[in-house]
Amino acid sequence: MKALIDKFIRVRKKTIEICSHLSIEDHLSQPELFVSPPKWQLGHTSWFFEEFVLGAGLADYKPFNDKFAYLFNSYYNFAGDKVLRLKRGNLTRPSLELVHEYRMFIDKWVIAFLSSEKGASFAELVELGLNHEQQHQELLISDIKYILGSNPLWPVYNKESKYESVYNQTSGFLTIDEGIYEVGAKADSFCFDNELGRHKVYLNEFSIENKLVTNGDYLEFIEAGGYKQFQWWFDDAWTWVNKELIDAPLHWYQINGKWHEFTMAGLQEVDKDAILCHVSFYEASAYAEWKGMRLPTEFEWETASEELDYGARWEWTNSAYLPYPDYKKAAGAVGEYNGKFMVNQMVLRGASTATPEGHSRNTYRNFFHADMRWQYSGIRLAKR
């Protein structure tokens, strides 16, 4: 159990470290519905352990605060009522100081519990909780960027940040032969339930690009009028472009005739050689159509992944987020973790510069709605 306790301490410290560059006011900001304030995330990731580990495993456990179960539940209907997502930014109380006290309280209890004889039986749930917190660490980075990027002062998160400064190391296309391939996790190490159910798929021969689309590549699409020409876009996407007045990737601004990008190191002129990020599935598909190519399916991506240099950006695929053939939703609240989202979302594969260690694996199935682009998402092209 020592290894698990050490990991618990390490992951919990990392979350605090991510927030260490923020002001108290930054912790409460919620400029859009899909952004969760950092203070709420600090509380939610602690509530997860309180609800599913301490509350379930210790008969004598008394919650830090009876109201926190309501404040910091996210979408777990089995766990009871919750604050509406759009109101998370209204939580001026509890104070940030009290939320930090809550985290320390939970840390103390979990470490003591894992050191006990009964704690071993909850090791799997603690591991799930740690992976859940690491997912929130990545969300924190993207949410913080959106919060700071929505501020007219464009404040710097960390002048040494390199989240956006990442470049391709390869070029050309990789060809995969027609055939039957196995996809899905083997379950010999931690994975989420949506990765399980290893199964065979048939693929026609295809080629997939070794490199990801760069800012310079995408600028050509913009300058060619890509956002003004309906023929490249799905109907829903074209409606989205016109309704939301989309004309560039998220965090891009044209200033004095030059494109600039808000980065975690501040506002900078767009680096044409850097790998593109913050585009939606809609934009990724339109760009692929404009290039006369397409996005790979998630099974094509996974089959080719061992020969690809991935991990710079989450890569949109042309696959809907659906269950694998043998997928079984777990009973209770844990079953709400993935299964209930398997509709109207698209799969992304790979990882990004914001992804925590251990979450970059070729079976990982990330998923978002087609218009979402505040994550570090990019484009890899495929063709027949």
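As the structure is a prediction and not an experimental result, all values here were calculated from the model.
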Exercise. Is the gap between the ring centers of W47 and F52 under 6.0 Å?
Worked result: yes

Problem set entry | Distance flag, aromatic centroids of F299 and H199, threshold under 6.0 Å | yes

Exercise. Got a second to check how far S305's OG is from Y310's OH, nearest 0.5 Å?
Worked result: 5.5 Å

Result block: side-chain N/O donor-acceptor pairs under 3.5 angstrom for residues 286-295, not counting sequence neighbours:
{"residue": "R294", "atom": "NH1", "partner": "E300", "partner atom": "OE1", "Å": "2.9"}
{"residue": "R294", "atom": "NH2", "partner": "E300", "partner atom": "OE1", "Å": "3.4"}
{"residue": "R294", "atom": "NH2", "partner": "E300", "partner atom": "OE2", "Å": "3.0"}

Problem set entry | W240 and F281 aromatic centres sub-6.0 Å | no

Exercise. Regarding Y61 and E50, is there a side-chain donor-to-acceptor distance under 3.5 Å anywhere?
Worked result: yes

Problem set entry | Salt-bridge criterion met for K211 and D217 (N-O under 4.0 Å) | yes

For this session: Run the ring-centre check on W316 versus F368 and record whether the distance is less than 6.0 Å.
Result: no

Exercise. Can you list the residues that meet the side chain to side chain contact (heavy atoms under 4.5 Å, CB included) rule with P323, with sequence neighbours excluded?
Worked result: Y327, M342

Exercise. With distance as the sole criterion, is a donor-acceptor pair present between the side chains of D26 and S29 under 3.5 Å?
Worked result: no

Identify all side-chain donor-acceptor contacts of residues 108-117 below 3.5 Å with residues at least two apart in sequence or on another chain.
{"residue": "S115", "atom": "OG", "partner": "I111", "partner atom": "O", "Å": "2.8"}
{"residue": "S116", "atom": "OG", "partner": "F113", "partner atom": "O", "Å": "2.5"}
{"residue": "S116", "atom": "OG", "partner": "G119", "partner atom": "N", "Å": "3.3"}

Exercise. Going by atom types only, do Q41 and S36 share a side-chain donor-acceptor pair under 3.5 Å?
Worked result: no

Exercise. Are any non-hydrogen side-chain atoms of L212 and N168 less than 4.5 angstrom apart?
Worked result: yes

For this session: Check whether the ring centres of Y70 and F72 lie less than 6.0 Å apart, and answer yes or no.
Result: no

Seminar exercise, completed: Heavy-atom nearest pair, W374 first then L250, reads CA-CD2, 3.5 Å

For this session: Please check if any side-chain donor atom of T15 sits under 3.5 Å from a side-chain acceptor atom of E133, or the reverse.
Result: yes

For this session: Check the surroundings of atom CD in E244: do more than 12 heavy atoms from other residues, nucleotides or ligands lie under 6.0 Å from it?
Result: yes

For this session: Answer whether the closest heavy-atom distance between the side chains of L276 and E283 falls below 4.5 Å.
Result: no

Exercise. Is K2 salt-bridged to D6, going by a charged N under 4.0 Å from an acidic O?
Worked result: yes

For this session: Check whether the side chains of H369 and N344 place a donor and an acceptor atom closer than 3.5 Å, and report yes or no.
Result: no

Exercise. To the nearest 0.5 Å, how far apart are CG in L140 and CD in Q135?
Worked result: 12.5 Å

Exercise. Any luck finding a side-chain donor-acceptor pair between H359 and Q134 under 3.5 Å?
Worked result: yes

For this session: Treat each ILVMFWY residue as a node, draw an edge where side-chain heavy atoms are under 4.5 Å apart, and state whether I379 and I208 are in one component.
Result: no

Seminar exercise, completed: Apart from V156 itself, members of its ILVMFWY cluster (side-chain separation under 4.5 Å) are none

Problem set entry | Between Y321 and E298, a side-chain donor and acceptor under 3.5 Å | no

For this session: Measure across I18 and Y157 and return the closest heavy-atom pair with its distance rounded to 0.1 Å.
Result: O-OH, 2.6 Å

Exercise. Between CH2 of W259 and CH2 of W252, what distance do you get to the nearest 0.5 Å?
Worked result: 7.5 Å

For this session: Mind checking side chain to side chain donor-acceptor pair (under 3.5 Å) for E307 and listing every partner two or more places apart, or none if nothing turns up?
Result: none

Problem set entry | Interatomic distance, L96 atom CG to E25 atom CD [nearest 0.5 angstrom] | 10.0 Å

Exercise. What distance do F49 atom CZ and H132 atom NE2 have between them, rounded to the nearest 0.5 Å?
Worked result: 8.5 Å

Distance-only donor-acceptor hits, side chain of residues 170-178, under 3.5 Å, sequence neighbours excluded:
{"residue": "T170", "atom": "OG1", "partner": "N210", "partner atom": "O", "Å": "3.3"}
{"residue": "T175", "atom": "OG1", "partner": "S207", "partner atom": "OG", "Å": "3.0"}
{"residue": "E178", "atom": "OE2", "partner": "Y202", "partner atom": "OH", "Å": "2.2"}

Problem set entry | Over 12 non-hydrogen atoms of neighbours within 6.0 angstrom of CZ in R93 | no

Exercise. When the ring centroid of W232 is compared with that of F221, is the distance short of 6.0 Å?
Worked result: no

Exercise. Can you tell if the side chain of Q30 reaches within under 4.5 Å of the side chain of D143, non-hydrogen atoms only?
Worked result: no

